[in-house]
Each structure stands twice: as structure tokens, then as C-alpha cells.
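Only one structure is covered here, and it is reproduced in the block below.
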Amino acid sequence: MLVKEILPLFTSGKVIRGFRRGTELGFPTANYPVEVVRALPADFATGIYCGWAQVANGDVHKMVMSVGWNPFFDNKEKSMETHILHTFPQDFYDQTLKVCVAHYLRPEANFTTLENLKKAIQQDVADSDKLLDTPEFYKLKSDPFFINTTNGHL
């Protein structure tokens with residue numbers, strides 16, 4: 001199945017502690033538990049995606065997500081790591097993270113240096129920021145999936 005045929009994809013789950021590599025790289029990520037990752041469609045391609053994210057029924061923000069094995073770090077388990085284009089005042093472990101995966105940016109890649117990885121992430125963030133402002137993707141920000149069901153905000 002082509003990636004475009006299964007997007008947008010909506011998913012949610014509790015944020016768990018990861019390896020903190022994203023924070024060390026300057027791009028902190030919210031990580032889903034393995035059960036959420038395993039619930040993805042079987043033919044969901046690994047790679048870098050962009051879309052929208054909401055923490056604890058708060059505001060909806062742009063996001064970039066890596067789905068896969070993180071070859072630079074040689075992960076043993078597939079992961080979904082969401083970098084939200086917003087600065088939060090505190091960690092939000094154990095909070096519910098809702099995401100709308102809207103667009104496939106590029107395949108997963110291995111990098112020869114940490115600096116090359118950082119440059120690729122910077123480009124992914126820039127591309128996502130611009131792309132998500134287009135009408136085709138901006139409309140997903142207000143999808144009913146993100147309607148607040150409680151007063152919890154972060």
C-alpha cells in the first residue's frame with residue numbers, strides 16, 4: 001500500500017521515557033510505548049513524517065515524527081518519536097499524546113556523523129513548518145480528533 005493512501009493517520013497513547021537522545025540533539029521527542037507502535041498498519045512505511053500533535057487536550061501544534069529503527073543509534077525495537085514544534089514548560093511523561101500523521105517527508109536514513117543527523121532534522125523541521133501551513137494540511141489541525149474532552153492543559 002502507498003503511504004499516501006493511509007494518511008492522514010490518527011493515533012494516541014501515553015508518553016513514555018525514551019533514551020533522551022532527542023533532547024541531547026536539541027530536538028526533544030515524546031515517545032509512544034511499543035504497543036502503540038505495534039498497532040500501526042502492517043504496511044506503514046518507516047521514515048520521517050509531519051503533522052499535528054496535542055498533549056493532554058491542550059493546544060494543537062505542528063510536529064515532526066520519526067517512525068522506525070533509528071539506524072544511527074541501532075535501535076532494537078521500532079519506535080515513534082514525536083518532536084513537537086513548541087516549547088513546553090515541563091516534561092509531560094504519562095500524559096496523553098494525540099497525533100495526526102499527515103505527510104511523509106522522507107525515508108529513514110543512516111548518517112555518518114551526528115552533525116549530519118542534526119542537519120537533516122533541522123531540514124525536516126523547516127520543511128514541516130512550511131508544509132503544514134498549506135491549506136491541505138492546515139485544515140487537519142482542527143480535526144474533531146483533537147476536540148478537548150477534559151480541561152487538562154499543559
Side-chain angles (χ1 to χ4, degrees), residues 3-4 6-37 39-40 44-70 72-73 75 78-109 111 114-154:
V3 171
K4 193 167 185 121
I6 57 176
L7 295 180
L9 178 113
F10 297 89
T11 192
S12 67
K14 297 287 184 189
V15 175
I16 63 164
R17 257 181 216 283
F19 296 107
R20 301 201 51 85
R21 294 186 291 227
T23 300
E24 292 168 13
L25 291 169
F27 301 95
T29 60
N31 301 289
Y32 277 126
V34 69
E35 297 79 29
V36 175
V37 181
L40 287 172
F44 194 81
T46 60
I48 310 304
Y49 293 83
C50 66
W52 300 97
Q54 180 187 48
V55 177
N57 292 317
D59 293 335
V60 178
H61 301 284
K62 295 173 181 176
M63 67 85 175
V64 178
M65 175 186 279
S66 170
V67 178
W69 304 97
N70 296 323
F72 186 82
F73 295 106
N75 280 14
K78 189 193 273 186
S79 66
M80 293 173 70
E81 300 178 6
T82 305
H83 172 66
I84 302 171
L85 307 188
H86 175 77
T87 302
F88 288 88
Q90 63 207 33
D91 288 334
F92 46 87
Y93 298 117
D94 298 319
Q95 297 294 318
T96 298
L97 172 66
K98 293 181 181 179
V99 297
C100 166
V101 183
H103 182 74
Y104 181 80
L105 292 170
R106 65 174 175 84
E108 231 183 343
F111 297 91
L114 201 55
E115 193 56 39
N116 288 343
L117 172 60
K118 287 181 185 180
K119 285 179 185 176
I121 296 170
Q122 288 170 338
Q123 189 62 56
D124 295 335
V125 168
D127 291 346
S128 299
D129 191 36
K130 184 176 179 180
L131 186 69
L132 291 168
D133 282 335
T134 64
E136 175 185 1
F137 298 112
Y138 191 80
K139 68 182 179 186
L140 294 169
K141 180 180 182 181
S142 57
D143 189 276
F145 176 73
F146 293 119
I147 291 176
N148 293 346
T149 57
T150 69
N151 292 329
H153 289 279
L154 194 63

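Because only heavy atoms are used, hydrogens play no part in the values below, and waters and symmetry mates are left out as well, while side chains stay in.
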>> Please report the interatomic distance CG(Leu117) to CD(Gln122), rounded to the nearest 0.5 Å.
In response: 10.0 Å
> Who are the salt bridge (Lys or Arg N to Asp or Glu O under 4.0 Å) partners of Asp127, not counting sequence neighbours?
Replying inline: none
>> Restricting to non-hydrogen atoms, name the atom on Gln95 and the atom on Ala56 that form the minimum distance, rounded to 0.1 Å.
In response: OE1-CB, 3.2 Å
> Would a 4.5 Å heavy-atom cut-off, applied to side chains only, mark Ser79 and Asn31 as touching?
Replying inline: no
> In Å, rounded to the nearest 0.5 Å, how long is the span from CG of Asp94 to CZ of Arg17?
Replying inline: 8.5 Å
>> I want to check something: taking the side chain as every heavy atom from C-beta on, are Lys14 and Leu97 in contact at a cut-off of under 4.5 Å?
In response: no
> Going from NZ on Lys78 to CZ on Phe44, what distance comes out if it is rounded to the nearest 0.5 angstrom?
Replying inline: 8.5 Å
>> If I compare all heavy atoms of Ala53 with all of Thr82, which pair ends up nearest, and what's the gap?
In response: CB-CG2, 4.4 Å
>> Counting only heavy atoms from other residues, nucleotides and ligands, does the tally under 6.0 Å from NZ of Lys118 exceed 12?
In response: yes
>> Working note: Leu9 + Leu40, criterion side chain to side chain contact (heavy atoms under 4.5 Å, CB included); need CA distance, chi angles, decisive distance, verdict.
In response: CA-CA 9 Å; Leu9 178 113; Leu40 287 172; 3.7 Å; yes
> Can you name the nearest heavy-atom pair linking Arg106 to Ala120, along with the distance?
Replying inline: NH2-CB, 3.9 Å
>> I need the minimum non-hydrogen distance between Pro28 and His83, along with the two atoms involved.
In response: O-ND1, 2.8 Å
>> Looking at Leu7, is its backbone amide N or carbonyl O close enough to the side chain of Tyr104 to form a donor-acceptor pair, meaning the two atoms are under 3.5 Å apart?
In response: no
> Would you say Phe27 and Val64 make side-chain contact, with heavy atoms under 4.5 Å?
Replying inline: no
> Can you tell me how far the CD atom of Glu81 sits from the CD1 atom of Ile48, to the nearest 0.5 Å?
Replying inline: 9.0 Å
>> When you measure from the side chain of Lys62 to the backbone of Leu85, do you find a donor-acceptor pair of N or O atoms at a distance under 3.5 Å?
In response: no
>> Once rounded to the nearest 0.5 Å, what's the spacing between atom CD1 of Ile84 and atom CG of Asp59?
In response: 11.5 Å
> Got a second to check how far Lys141's NZ is from Cys100's SG, nearest 0.5 Å?
Replying inline: 12.5 Å
>> Parallel, tilted or perpendicular, judged at 30° and 60°: which one describes the rings of His61 and His86?
In response: parallel
>> Please give me the minimum heavy-atom distance between Val36 and Gly13, naming the atom from each residue.
In response: CG2-CA, 4.2 Å
> Can you tell if the side chain of Thr11 reaches within under 4.5 Å of the side chain of Tyr32, non-hydrogen atoms only?
Replying inline: yes
> Can you check whether Val101 reaches Met63 side chain to side chain, under 4.5 Å on heavy atoms?
Replying inline: yes
> Taking the six-membered ring of Phe146, is NZ or CZ of Lys98 closer than 6.0 Å to its centre and within 45° of its axis?
Replying inline: no
> Is there a donor-acceptor contact under 3.5 Å from the side chain of Trp52 to the main chain of Phe137?
Replying inline: yes
> What are the two closest heavy atoms between Leu131 and Thr134, and how far apart are they?
Replying inline: O-OG1, 2.7 Å
